[in-house]
2 protein chains.
Amino acid sequence: MTQTQPSSGFQQIDREGLVQRVAKLLSKAIISGKLAPGARLSESVVARELGVSRAPVREAARLLESSGLVRSEPNRGFFVRQVSIKALNDLYELRLAIETAVVERLVQNWNDEIEEALSAQVAELHRVATEEADIFTQVEADMQFHRLMCTGSDNPKFLQVFEQVAIETEFSIMLIGQLYDDPTRIAETHEPILEALRARDATKAVSAIRYHISEAQRIVIDQFRLLEEGKTST
Amino acid sequence: MTQTQPSSGFQQIDREGLVQRVAKLLSKAIISGKLAPGARLSESVVARELGVSRAPVREAARLLESSGLVRSEPNRGFFVRQVSIKALNDLYELRLAIETAVVERLVQNWNDEIEEALSAQVAELHRVATEEADIFTQVEADMQFHRLMCTGSDNPKFLQVFEQVAIETEFSIMLIGQLYDDPTRIAETHEPILEALRARDATKAVSAIRYHISEAQRIVIDQFRLLEEGKTST
DNA sequence: GAATTGTAGATTGTCGACAATTTACTTGAC
DNA sequence: GTCAAGTAAATTGTCGACAATCTACAATTC
């Protein structure tokens with residue numbers, strides 16, 4: 001809780017380190033496929049490309065390493081992690097473990113503020129599904145729903161883990177988004193969770209999140225398998 | 001899985017970057033209390049102290065940041081995180097979520113190799129309890145049991161999260177170790193888990209781990225509360 | 001005297017350069 | 001032709017230095 005000056009409505013400017021910006025750029029490049037999986041990411045090349053020195057690039061890479069997007073080998077540098085079917089399965093197993101615990105906590109400390117935020121986010125999901133054509137925006141909105149749940153759990157550690165797997169999660173949601181012809185389906189799949197939470201029914205909430213996640217898991221794996229097959233046969 | 005040369009039993013020398021060594025040094029300094037919670041850790045001071053430049057110190061600090069031991073503020077540097085009762089509670093909630101999922105997986109892909117490793121580790125726990133007086137060794141052995149479980153779950157992400165909270169976990173186990181007069185108690189508390197796993201009884205295994213962790217949680221919180229009171233009253 | 005502004009010292013952020021290590025290629029022996 | 005050793009280019013690891021930013025204290029104003 002950084003206390004905000006009550007005064008004039010100025011907007012905070014930038015105020016985010018170069019390292020964070022580089023990290024964001026890099027992760028976008030990876031999930032969008034510009035940087036091929038397994039590819040070495042050369043510090044000097046990236047640094048030159050972005051017009052910065054190598055130091056911030058190195059730190060950004062270390063950041064991404066802890067979020068599992070890149071892997072580092074001593075004296076050999078950083079490499080883009082390749083997502084495999086197993087890795088995606090593992091990711092969803094982790095998400096299931098975390099988000100199950102999150103909804104259990106959410107039922108306990110449910111309040112108007114959280115209800116408001118989650119309801120608004122489901123509405124937002126519907127809005128972007130109908131008004132926005134951009135897939136990326138829709139994915140962002142989906143992520144945000146889950147992030148809000150983690151935030152509302154009042155356990156920063158859950159949020160921390162979520163953010164750490166966020167990029168892979170985003171990547172996987174992107175796969176889902178490409179699958180659904182009707183984007184409103186994405187919005188709809190979140191409603192049972194919210195309803196169970198509203199009713200403060202722990203059992204129902206847990207089974208709702210279990211269903212939601214394993215459904216997503218199934219879709220992502222299927223979609224990914226297709227992608228892989230298409231790649232190898234070419 | 002780094003493939004090891006099948007040949008002669010040479011021991012790998014050093015081969016771990018300066019960054020990792022600095023990170024290890026720093027974390028030891030923190031959990032041992034040499035660096036007070038909330039204290040700013042100055043890059044230049046640490047660098048001078050260890051006789052290295054600031055670059056590896058910065059990267060090490062970023063590493064510790066992702067493991068939650070230190071917190072960074074832009075343009076203000078790194079600070080030692082203070083452990084609070086809430087933070088410990090949150091930590092155990094996370095561990096419960098993860099390790100519950102881990103034992104469920106362990107029951108599924110149980111095999112002789114895993115059984116061998118875990119049994120040996122319980123034996124080791126007994127050995128260090130009777131033969132070794134050093135608390136740190138005992139704590140290390142306790143950690144190793146849980147680490148082995150994560151490894152055996154065959155989901156690297158679980159292990160990754162475990163390692164990320166490992167230092168705080170270690171810190172908390174240290175508190176437990178100081179509490180038990182009889183160190184063999186630590187070894188004994190792990191046996192029910194191993195037994196349930198051996199029987200491949202998922203329900204029993206989950207309840208065993210739940211009991212084990214919440215018991216540890218209770219003890220740690222109690223112990224920590226005492227520590228805090230002792231500190232404030234002085 | 002309290003609050004704001006100004007200034008000096010210290011600390012972090014970023015950079016370019018050099019040393020250590022790895023990689024790719026060439027050369028040579030069998 | 002294959003394998004080994006040797007060598008040069010490229011890349012990472014580390015460093016010291018300078019710029020940007022923050023902190024603490026002094027000066028100024030009301």
Side-chain angles (χ1 to χ4, degrees), chain A residues 2-8 10-26 29-30 35-36 38-66 69-81, chain B residues 2-8 10-26 29-30 35-36 38-66 69-81:
Chain A
T2 44
Q3 65 180 63
T4 357
Q5 215 68 259
S7 62
S8 49
F10 269 110
Q11 191 175 317
Q12 199 123 339
I13 52 166
D14 204 313
R15 226 70 207 63
E16 110 181 309
L18 184 53
V19 175
Q20 279 78 5
R21 232 178 317 160
V22 172
K24 210 162 268 187
L25 253 348
L26 275 180
I30 293 177
L35 265 52
R40 136 185 261 136
L41 72 89
S42 160
E43 295 176 7
S44 8
V45 171
V46 175
R48 199 164 17 208
E49 204 111 342
L50 298 178
V52 297
S53 123
R54 276 173 48 218
V57 175
R58 278 178 68 86
E59 292 193 30
R62 274 263 146 66
L63 221 59
L64 293 185
E65 182 185 12
S66 72
L69 243 195
V70 307
R71 146 185 69 87
S72 86
E73 290 179 30
N75 289 323
R76 287 186 24 80
F78 297 92
F79 300 83
V80 181
R81 267 250 167 84
Chain B
T2 44
Q3 64 179 65
T4 356
Q5 216 67 259
S7 62
S8 49
F10 269 109
Q11 191 177 323
Q12 198 123 341
I13 51 164
D14 204 313
R15 226 70 207 65
E16 105 182 313
L18 185 53
V19 174
Q20 279 77 6
R21 231 179 316 160
V22 173
K24 210 160 267 184
L25 253 348
L26 275 180
I30 293 177
L35 266 53
R40 136 185 260 136
L41 71 89
S42 159
E43 294 177 6
S44 5
V45 171
V46 174
R48 200 167 17 211
E49 204 112 341
L50 299 178
V52 298
S53 123
R54 276 174 49 217
V57 174
R58 279 178 67 85
E59 292 193 29
R62 274 264 146 66
L63 222 58
L64 293 184
E65 183 185 11
S66 72
L69 244 195
V70 307
R71 144 186 70 86
S72 85
E73 290 180 31
N75 289 323
R76 287 187 21 82
F78 297 91
F79 300 82
V80 181
R81 266 249 165 86

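Residue numbers start from 1 in every chain, and the chains themselves are labelled A, B, ... in the order their sequence lines are given, proteins ahead of strands.
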- prompt: Between B/E43 (CD) and C/dT12 (P), how many Å, whole number?
  reply: 5 Å
- prompt: Atom CZ of A/R62 to atom C1' of D/dG13: distance rounded to whole Å?
  reply: 10 Å
message: Between A/L25 and A/V46, is there a side-chain heavy-atom distance shorter than 4.5 Å?
response: no
message: Let's see if you get this right: which residues in residues 51-61 of chain B place a heavy atom under 4.0 Å from DNA chain D?
response: B/V52, B/S53, B/R54, B/A55, B/P56
statement: CZ (B/R40) and CG (B/L35) are apart, to the nearest 0.5 Å, by 13.0 Å
- prompt: Under a 4.5 Å cut-off applied to non-hydrogen side-chain atoms, are B/E43 and B/R58 in contact?
  reply: yes
field: Separation of C/dT21 C1' from A/R40 CZ (nearest whole Å)
entry: 11 Å
task: Would you mind reading off the distance between A/R48 atom CZ and D/dT12 atom P, rounded to a whole angstrom?
output: 11 Å
query: So which heavy atom on B/R62 is nearest to which on B/F78, and how close?
result: N-CE2, 4.1 Å
A/N75 CG to C/dA19 C1', straight-line distance once rounded to whole Å: 12 Å
- request: Nearest whole angstrom, please: distance from the P of D/dG13 to the CG of B/L18.
  value: 11 Å
message: In the structure I gave you, are the side-chain heavy atoms of A/I30 and A/V70 within less than 4.5 Å of one another anywhere?
response: yes
- prompt: Quick one: are A/L69 and A/R81 in side-chain contact, heavy atoms under 4.5 Å?
  reply: no
- prompt: Between A/E65 (CD) and D/dT12 (P), how many Å, whole number?
  reply: 14 Å
field: Residue A/S42, side-chain heavy atoms: nucleotide from C/dG13, C/dT14, D/dT12 that is nearest
entry: D/dT12
- prompt: Within this structure, what is the CZ-to-P distance between B/F79 and C/dT11, rounded to whole angstrom?
  reply: 12 Å
query: A/S44 side chain: which of C/dC15, C/dT12, D/dT12 is closest?
result: D/dT12
